[in-house]
Protein chains: 2
Amino acid sequence: MKLVKLTKKTVADRTRSSARSYDDACGAAHALDLIGERWALLVMRELMFGPKRFSDLRADLPGISANVLTQRLERLEDIGALSRRKLPPPAASHVYELTPWGYEIEPVLGVLGRWAARSPLHDPTLPLSAASLMLSFKTMFDASRAKGLNARIGFRIGDETFLVHIHGGACDAARQALNGADVVFAGQARAIAAAVYGGAPLQALEAEKALWVEGDRALAERFTSLFPLPQKA
Amino acid sequence: MKLVKLTKKTVADRTRSSARSYDDACGAAHALDLIGERWALLVMRELMFGPKRFSDLRADLPGISANVLTQRLERLEDIGALSRRKLPPPAASHVYELTPWGYEIEPVLGVLGRWAARSPLHDPTLPLSAASLMLSFKTMFDASRAKGLNARIGFRIGDETFLVHIHGGACDAARQALNGADVVFAGQARAIAAAVYGGAPLQALEAEKALWVEGDRALAERFTSLFPLPQKA
DNA sequence: CGGCATCCGGGAAGATACTG
DNA sequence: CAGTATCTTCCCGGATGCCG
């Protein structure tokens, strides 16, 4: 038996509100109906700095399996938080990009991160994606420590580059070329996090070749002091 | 067979970080490790206005089953977001109360709610708990519409009473007696939501006995206009 | 190789019944 | 009232394989 397989999955199947709904008018409950499944929010996190391909997402989310990633991308597309585009002819591949509404999930990542940073169980030495690190800068930035600072800090992590722009008490981050950076950090996200959040001296990290700093070294040192962690609960 | 049941659950069993961890230093990922399981955040939502008993939580979270509620309460206690207290002698019962750090989850509920309010799939006519309604007022309050307003709005929902205090462009809500309320809404949370978010006329709701308004009627009408919903995505 | 479907084992969620 | 025990269902995660 088991020869009949008419299991062509239809959009209707995927769209019907995931069968297991909270059935609750509360906005937070609806948000959980939309993106409360495992991995969903982390997929969005990885897309916060622009489109990525399927395999990029798999690489940046160690632990997610291909079928689960497929399901989450389908669901996020169905609810309108994500769009799937075909790349121009040469590349026969697809990219996934958040919609404008999808990008608005950023404050959720911010407040969740700030809350969890006070958890006694939080282990900041675990692995970290580049997107997570950049988001953590926007989240943990302390404007009062950056008074009068106007600087462009570059990051080279894997084959991606990011520019963090600190000016007027604000801290922006974008995935872009490093033109005009005053200083560049190169290395794994983990090593940079060790410097910024773990208090590891830059010199030590450079000595063990976990991190390279190119450019204004004093600025690099100052940068690492701009993101204080909150007190544990 | 199946006669041996030494399944005494130990604290160690419950504490070991739920086996299925994201293993990610990102704060948002850790938050999901802590409260990403189904129902966890909604349990916290129900406790935002003060302690409740087990059966109160069951009543206010239609759909949760007793064993899942037990598991979530244990987990929230283990991570330090919740404490379980025995009531004074006369009542032989327990209550569950958020810790100070647990109460800090409120902004998470706010940003999730604001984001989901823009979802085209959001259905504001579904049932709603009293706590959800009060939180929605704090979340959706538009200070610019309440210029110069200083008012105390009371709510009687089931056997609970809440006071919403609007003053100086801020909107607070608390579970407390209705002394000094300028106007009181009584009825199901759903009906009050229909007036505030669904644009249903108070008169119509009163006619069908879904809602009762006692006190300053003009203030009641004005109150319903202070919480505009965002544009759909 | 990228994207997706299928099959399977383990475990979490849901429903119900039961106990102190 | 406050949970516990048990059973079923469904989701998650891993492996494999198909197809462009």
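Chain letters run A, B, ... following the sequence lines, proteins first, then strands; residues in each count from 1. Just so you know, these numbers use all the heavy atoms, side chains as well, and skip hydrogens, waters and symmetry mates.
Residue B/Arg53 is in sugar-phosphate contact alone, with no base atom involved, counting any heavy-atom pair closer than 4.0 Å across all strands shown. Across all strands shown, A/Arg72 has heavy atoms under 4.0 Å from sugar-phosphate atoms exclusively, and none from any base. Using a 4.0 Å heavy-atom cutoff across all strands shown, A/Ser65 reaches at least one base atom of the nucleic acid.
For B/Asp56, the salt bridge (charged side-chain N to carboxylate O under 4.0 Å, His left out) criterion is met by B/Arg53, not counting sequence neighbours. Under the rule for a salt bridge (charged side-chain N to carboxylate O under 4.0 Å, His left out), A/Asp172 has no partner lying at least two apart in sequence or in another chain.
Dashed line: the shortest gap from a side-chain N or O of B/Arg38 to OP1 or OP2 of D/dC11 is not under 4.0 Å. Listed pair B/His94 / D/dC1 fails the phosphate criterion, with no side-chain N or O lying under 4.0 Å from OP1 or OP2. Residue B/Tyr96 places at least one side-chain N or O closer than 4.0 Å to OP1 or OP2 of D/dG3. An OP1 or OP2 oxygen of C/dA12 is reached within less than 4.0 angstrom by no side-chain nitrogen or oxygen of B/Gln71. Within the 4.0 Å cut-off from OP1 or OP2 of D/dG14, not a single side-chain nitrogen or oxygen of B/Arg20 is found. Listed pair B/Trp39 / C/dG14 meets the phosphate criterion, a side-chain N or O lying under 4.0 Å from OP1 or OP2. For the pair B/Ser93 and D/dC1, the criterion of a side-chain N or O lying under 4.0 Å from OP1 or OP2 is not met.
B/Leu42 has its CG atom 13 Å from the P atom of C/dA13, to the nearest Å. Taking atom CG of A/Asp56 as the reference point, atom P of C/dC1 lies 14 Å away to the nearest angstrom.
In the helix from C/dC1-D/dG20 to C/dG20-D/dC1, the rotation axis of the first five pairs and that of the last five pairs differ in direction by 30°, rounded to 10 degrees.
The nucleotide whose nearest atom lies closest to any side-chain atom of A/Ser55 is, among C/dG2, C/dA5, D/dT4, C/dG2. Nearest nucleotide to the A/Arg84 side chain, out of D/dG3, C/dC4, C/dG3: C/dC4.
Checking B/Phe185, B/Phe49, B/Phe155 one by one against B/Phe162, the ring-ring contact (aromatic ring centres under 6.0 Å, His included) holds for a single residue, B/Phe49.
Of all heavy-atom pairs between A/Ala116 and B/His30, the closest is O-CD2, 3.7 Å.
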- Task: Carefully, step by step, assess B/Ser93 and B/Phe54 under the rule side-chain contact (heavy atoms from CB on, under 4.5 Å).
- Result: CA-CA 9 Å; B/Ser93 182; B/Phe54 191 91; over 6 Å; no

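Remark: the B/Asn67 side chain and the D/dG3 base include no donor-acceptor N/O pair separated by less than 3.5 Å.
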